[in-house]
**Student:** 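Dropping the structure in here first, questions after.
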Amino acid sequence: MLKEAINSVILPVMDDLINAIYSMAKANAHIPMLSRTHGQPASPTTLGKEMVIFAERLNRERRDIPQVEILGKFAGAVGNYNAHVAAYPDVNWPHVAYQFVNSLGLSFNPHVTQVTKAGEIGSSTMPHKVNPTNFENNEGNLGIANAILDHLSMKLPISRWQVVEVVSRDCIIVADDSLPFGSPAAERRVNISSIRCPKLGNPRRDEKFALYAREARGNNG
């Protein structure tokens, strides 16, 4: 599932996003902006060049992801081929397992095991073995909770380029409960449309201030 998700969800989304950022960089290569260093104004740069930085960083990650080795096993509950040999004692199970795992596009992991603990709920596949299910559930929930909190701690206090606070992103990351691979097509559309949304300048800059005042009064009832 993970390998399929990487190939059919993550990498296509990354490709679309990288291309969108490169396009944005090219379209805005002539737009000057002030760079900053140590919290103060520095030498001038261009919006296009700054966008290329993000595209290049993401592109490097995109090249690295397919190189990550995904391991698979087929050695039974504790890694010793116990049930395999009991059912078919004449089969060369290590060799069969190697061929099977590799046929799935995974790297074969030949030496695996599981940890047992007395006094816990029995395993569904091995009644004589027990799993610390309460600990495993808590460990998983804690890991997810910490990952979300880590994201919130980095995202909420920081404005993009320290220019403007985008309130909508803060709301959505708090409210979002989607899974990593839940809706790839929708996420791809959102990612690409979002990167194309920002517009430079204020198209209403030359309008009279009274228009804004009237609009504000109308919005407030």
**Student:** Using a 3.5 Å distance criterion without hydrogens, assess whether the side chain of Asn59 forms a donor-acceptor pair with backbone atoms of Ala55.
**Tutor:** no
**Student:** With clusters defined by side-chain heavy atoms of hydrophobic residues (ILVMFWY) lying less than 4.5 Å apart, directly or transitively, does Phe100 cluster with Val85?
**Tutor:** yes
**Student:** For residues Lys73 and Gly76, report the shortest heavy-atom separation together with the two atoms involved.
**Tutor:** NZ-O, 4.1 Å
**Student:** Which value, rounded to the nearest 0.5 Å, describes the distance between Leu47 atom CG and Ile31 atom CD1?
**Tutor:** 7.0 Å
**Student:** Mind checking the CG-CD spacing from Asn109 to Glu69? Nearest 0.5 Å is all I need.
**Tutor:** 8.5 Å
**Student:** For Thr45, enumerate each residue passing the side chain to side chain contact (heavy atoms under 4.5 Å, CB included) test, keeping only those at least two apart in sequence or located in another chain.
**Tutor:** Met33, Ser35, Lys49, Glu50
**Student:** Rounded to the nearest 0.5 Å, how far apart are CG of Leu2 and CD1 of Ile70?
**Tutor:** 4.5 Å
**Student:** List for me each residue that meets salt bridge (Lys or Arg N to Asp or Glu O under 4.0 Å) alongside Arg62, sequence neighbours excluded, and say none if there are none.
**Tutor:** Asp15
**Student:** Restricting to non-hydrogen atoms, name the atom on Met51 and the atom on Met24 that form the minimum distance, rounded to 0.1 Å.
**Tutor:** CE-SD, 3.7 Å
**Student:** side-chain contact (heavy atoms from CB on, under 4.5 Å) between Ile6 and Leu11: does it pass, once the steps are laid out?
**Tutor:** CA-CA 6 Å; Ile6 290 174; Leu11 295 183; 4.0 Å; yes
**Student:** Looking only at heavy atoms, what is the nearest atom pair of Ala42 and Thr37, with distance?
**Tutor:** CB-CG2, 3.5 Å
**Student:** If you measure from CG on Leu149 to NE2 on His151, what distance do you get to the nearest 0.5 Å?
**Tutor:** 11.0 Å
**Student:** Would you give the length of the straight line joining atom CD1 of Ile10 to atom CD of Glu61, rounded to the nearest 0.5 angstrom?
**Tutor:** 12.0 Å
**Student:** What is the distance from atom OG of Ser107 to atom CG of Asn102, rounded to the nearest 0.5 Å?
**Tutor:** 7.0 Å
**Student:** Mind checking whether Leu71 and Val96 sit in one hydrophobic cluster, side chains of I, L, V, M, F, W, Y counted as touching below 4.5 Å?
**Tutor:** no
**Student:** To check you understand the geometry: which heavy-atom pair defines the closest contact between Gly105 and Lys3, and what is its length?
**Tutor:** O-CE, 3.1 Å
**Student:** Any chain of hydrophobic side-chain contacts (each under 4.5 Å) joining Leu58 to Ile53?
**Tutor:** no
**Student:** Considering non-hydrogen atoms only, spot the tightest contact between His30 and Ala27 and give its length.
**Tutor:** CE1-O, 3.3 Å
**Student:** On the 0 to 90° scale, with breaks at 30° and 60°, tag the Tyr98-Phe108 ring pair as parallel, tilted or perpendicular.
**Tutor:** perpendicular
**Student:** Counting only pairs under 3.5 Å, give me each side-chain donor-acceptor contact of residues 87-95, with atom names and distances, residues two or more places apart or in other chains.
**Tutor:**
from  : atom 1 : to    : atom 2 : distance (Å)
Asn92 : OD1    : His95 : N      : 3.4
Trp93 : NE1    : His84 : O      : 3.1
Trp93 : NE1    : Tyr88 : O      : 3.0
His95 : NE2    : Gln99 : NE2    : 3.3

**Student:** Of the non-hydrogen atoms in Asn7 and Pro12, which two are nearest, and what is the gap between them?
**Tutor:** O-CD, 3.3 Å
